[in-house]
Amino acid sequence: MIENAIIFSKEANKAIVTSIFGEVNPESEDFSDSLAKIREIAIKLEKGVFNLDLSAGLIAIIFAIQSISVALVFNESLEKRAIKEWEDVAKQIASGIDKIYDPMSADIESSELKKILDEIVEWHLKEESPIDKMKDALW
Amino acid sequence: MDRILVAVITEGIVLAFVMFVVVMLYVRYFSRRRRSALALAIAFTFWDIAIIFLFVFRLLEYLVINGLILNPNGREYGDIGVMLGYSFSALSNIFILIFVSIIFSQSAMFRKTGMMVPLIFAALNGITIGVLIGGGIRLWPTPQYSLFPTLFHLTMTFIAFIALIVFTRQPLRYATLRWEKAGFRFIILSGVFGILIYLSFALDFLFGDNVLGIISGGYTPFFFFAYVFAIIMCSLAYLGFTMPEFVRKRFKEAE
């Protein structure tokens, strides 16, 4: 189950938006060490997917997509299939954020970025995957 | 053998295949009660009705030509069958896209547009039905389908099957089990053969007496290719959409 999501801009060298979907707040004191570890990789990772084990049984999956890195924190390890599905979600988030985010501009409201992030993740959580739907309805 | 009789027999065989797929899809729907299974079963039901019309009117055409029944009004039974067949096939297209929109609702396109895409697609297929039925009424009892509805319907069918193929490729990448991958591959292949059916019908229309007249005497080889593709499409659809136990077991054993 997803706990939270953190979006990093490699150009701005920082987290630009966070959101909570479970119980772990990425901005809390308890999570600060984990956030530092995630940030280090998210900023350095040029391309691809990185699995990072955190404390308290949490894992972060970091997807580096061009100038954006999407870190998704889960409370359990994911199957290969689920990682691929979340990779598509990360690509959608990166694409949506890339359209409006400008590291040189201070005008971007973080609420706009959060809206994109929440909408995409919540839609993914609400709608079952095609494989599950096929199994449920036909297979 | 008389080409019309071969056409009647071919359509009868295809009808049996489609009927089988329809029954199997309804069996799935009544055991699971899911909207997606119903949408797919309806899509194949409309396709089944299309084939029933084609078969029945082709049979009437055969009986008239061979003097076995009278046709005092000079009705063009073959063309009436095609007109009704294409109309129900257009309805089938709509439900294929509804099925796609339900199963692949996680995708960005359906997140952004909701049911707008199937609704617009339904309206476009409504044009096919309107043109065909309108033309049929205007020219009754000798309706003739022209190049425009044929190509327009071909385009709509391409869109429906291409949507099915394109969206199915994504979960094919995610699938980890062999039988799941096989299921998606069967669905993709059924879409490919679905396209080939209508492409063959369009080529039959184009090369036959109606347009270019390169192959005269009606019923070009493309007409029969279309039905061969239809049988392959139905077989693949049965395997892909219902994933019968013996197929699943075979792939599981190979795992």
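We name chains A, B, ... by the order of the sequence lines, and we start the count at 1 in each one.
Across A:Glu119, A:Lys135, A:Lys80, the residue that shares the most heavy-atom pairs under 4.5 angstrom with chain B is A:Lys135. Looking only at heavy-atom pairs under 4.5 Å with chain A, the residue among B:Ser31, B:Gly240, B:Ser107, B:Ser36 that has the most is B:Gly240.
In this structure, B:Arg32 does not pair ionically with A:Asp136, as no charged nitrogen and carboxylate oxygen lie closer than 4.0 Å. With respect to the salt-bridge test (charged N to carboxylate O, under 4.0 angstrom), the residues A:Glu127 and B:Arg111 do not qualify.
Residue A:Ser95: no heavy atom, backbone or side chain, is found under 4.5 Å from chain B. Residue B:Leu40 touches chain A through its side chain alone, counting heavy-atom pairs closer than 4.5 Å. Contacts of B:Tyr29 with chain A are absent, with no heavy-atom separation under 4.5 Å from either backbone or side chain. Contacts of B:Leu25 with chain A are made by side-chain atoms alone, with heavy-atom separations under 4.5 Å and no backbone atom involved. For A:Ile120, the parts lying near chain B are the backbone and the side chain together; criterion is any non-hydrogen pair under 4.5 Å. Both the backbone and the side chain of A:Glu85 come within contact range of chain B, each with at least one heavy atom under 4.5 Å from a heavy atom of that chain. For B:Glu245, no part sits under 4.5 Å from any heavy atom of chain A, backbone or side chain.
Residue A:Gln66 qualifies as open at atom CD: its count of foreign heavy atoms under 6.0 Å is 12 or below. No more than 12 heavy atoms of other residues, nucleotides or ligands shown are found within 6.0 angstrom of CE on B:Met116.
Smallest separation of non-hydrogen atoms from A:Trp139 and B:Phe241: CD1-O, 3.5 Å. A pairwise comparison of heavy atoms in A:Ile131 and B:Pro171 identifies CD1-O, 3.7 Å as the closest pair. Of all the heavy atoms in A:Lys84 and B:Arg173, the pair that sits closest is NZ-O, 3.0 Å. Nearest heavy atom pair, residue B:Ile103 against residue A:Met134, reads CD1-SD, 3.8 Å.
Counting only heavy atoms from C-beta outward, the side chains of B:Gln106 and A:Glu128 never approach each other to under 4.5 Å.
With hydrogens and angles ignored, the 3.5 Å screen pairs a side-chain donor or acceptor of B:Arg28 with a backbone N or O of A:Leu138.
One side chain, B:Ser105 or A:Lys133, offers a donor N or O that lies under 3.5 Å from an acceptor on the other.
For A:Trp86 and B:Tyr174, the gap between ring centers reaches or exceeds 6.0 Å.
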